[in-house]
Amino acid sequence: MSVSSSSSSPLTNLKIGIVGFGNFGQFLAKTMIKQGHTLSATSRTDYSELCLNLGVSFFREVEAFLEAENDVILICTSILSFSEFLKSMPLHCLKRPTLFADVLSVKEHPREVLQQVLPEESDILCTHPMFGPESGENGWKDLPFMYDRVRIRNEVTCSNFLQIFKREGCIMLEMSCEEHDKIAASSQFITHTIGRILSEMEIKSTSINTKGFETLIQLKDSTMKDSFDLYSGLFVRNKFSKRELENLELAFKKIKQKLQDRMNEVEDLDTI
Ligand SMILES: NC(=O)c1ccc[n+]([C@@H]2O[C@H](COP(=O)([O-])OP(=O)(O)OC[C@H]3O[C@@H](n4cnc5c(N)ncnc54)[C@H](OP(=O)(O)O)[C@@H]3O)[C@@H](O)[C@H]2O)c1
């Protein structure tokens with residue numbers, strides 16, 4: 001893994017086509033537009049009106065989107081729809097070698113599918129911005145941005161694309177997709193799981209909140225803003241998540257047993 005800090009080299013305008021213009025695609029697009037890049041988008045849903053207001057060209061037809069000669073095609077679909085959607089794309093419509101980047105919150109799965117499906121002349125950059133519309137609401141400074149240069153020949157386009165995140169002050173972390181998935185399963189997936197459990201328990205603010213409990217409420221609220229598609233994707237498409245879920249279950253059972261043991265000790269003392 002290598003880390004590099006922010007840099008302020010001059011901005012090069014890129015033609016970026018976003019596939020999947022939902023919550024996260026729109027969030028990224030706003031900063032890219034602010035930086036002066038030229039954006040287009042395609043999505044399952046018709047976002048023509050929203051795109052018109054943002055200054056993004058919206059393509060209902062994927063063919064026309066691919067023919068538009070983008071420098072970068074940035075895939076922002078859900079984790080679970082990624083493979084099917086990518087395989088359904090008429091990639092023969094591409095007019096020239098293009099950099100494909102993705103932002104999925106799991107990394108080995110998109111890397112494998114991109115390598116399998118894309119034409120040999122397309123470059124591949126797998127990325128995971130470790131923030132979202134909430135944590136990145138007031139800028140991306142000091143927020144981590146993970147990337148793996150899976151297949152890069154056009155160094156200039158790749159570097160200009162990474163520059164988008166560097167310029168915003170992200171902490172740039174180059175690591176393998178496998179390393180990412182291992183770490184993310186024991187951190188991000190566990191965070192989301194605890195948030196979902198707290199939501200199932202319907203925890204609510206009280207008149208005597210401790211700071212710790214307020215943190216839990218915040219965690220529940222922020223996790224529940226992400227779709228169930230996103231959360232379940234962290235499990236289904238990350239081979240390390242299953243073991244982490246088992247660890248969590250085991251840890252819960254251990255804690256429960258410790259409490260039961262203490263309860264038994266106290267009850268024994270009470271009967272003396
Ligand atoms: N939200 C975050 O904070 C965050 C942070 C980092 C990375 N990411 C990653 O960014 C991606 C998008 O996340 P998200 O928050 O926008 O929510 P999401 O629920 O994970 O994905 C929504 C996107 O997926 C598309 N989609 C869903 N099912 C589809 C299908 N069957 N066929 C075609 N498209 C489909 C949606 O298209 P339509 O809108 O057209 O229906 C929308 O663009 C995910 O891969 C996620 O892991 C998200």
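In each ligand, atom 1 is the first atom listed, and ligand 1 is the first ligand listed.
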Atoms in ligand 1 with a heavy atom of Asn23 nearer than 4.0 Å: 15 (O), 16 (O)
Parallel, tilted or perpendicular: rings of Phe165 and Trp140 (30°, 60°): parallel
Parallel, tilted or perpendicular: ring planes of Tyr47 versus Phe21, cut at 30 and 60 degrees: perpendicular
Phe21: numbered ligand 1 atoms lying under 4.0 Å from its heavy atoms: 43 (O)
For His128 against Val103, the heavy-atom pair lying closest together: CD2-O, 4.1 Å
Part of Cys76 within contact of ligand 1 (heavy atoms, under 4.0 Å): backbone
For ligand 1, the portion of Phe82 having any non-hydrogen atom under 4.0 Å away: neither
Spatial distance of atom CD (Glu265) from atom CG (Leu269) [nearest 0.5 Å]: 7.5 Å
For ligand 1, the portion of His128 having any non-hydrogen atom under 4.0 Å away: side chain
Backbone or side-chain N or O of Pro129 under 3.5 Å from ligand 1 N or O: no
Phe131, portion touching ligand 1 at heavy-atom distance under 4.0 Å: backbone
For ligand 1, the portion of Phe85 having any non-hydrogen atom under 4.0 Å away: side chain
Within-cut-off N or O pair, Ser227 and ligand 1, under 3.5 Å: yes
Partners passing side-chain hydrogen bond (donor to acceptor under 3.5 Å, both in side chains) against Asn138 (at least two apart in sequence or in another chain): none
Polar contact flag for Leu104 and ligand 1 (N/O pairs, less than 3.5 Å): no
For ligand 1, the portion of Leu80 having any non-hydrogen atom under 4.0 Å away: neither
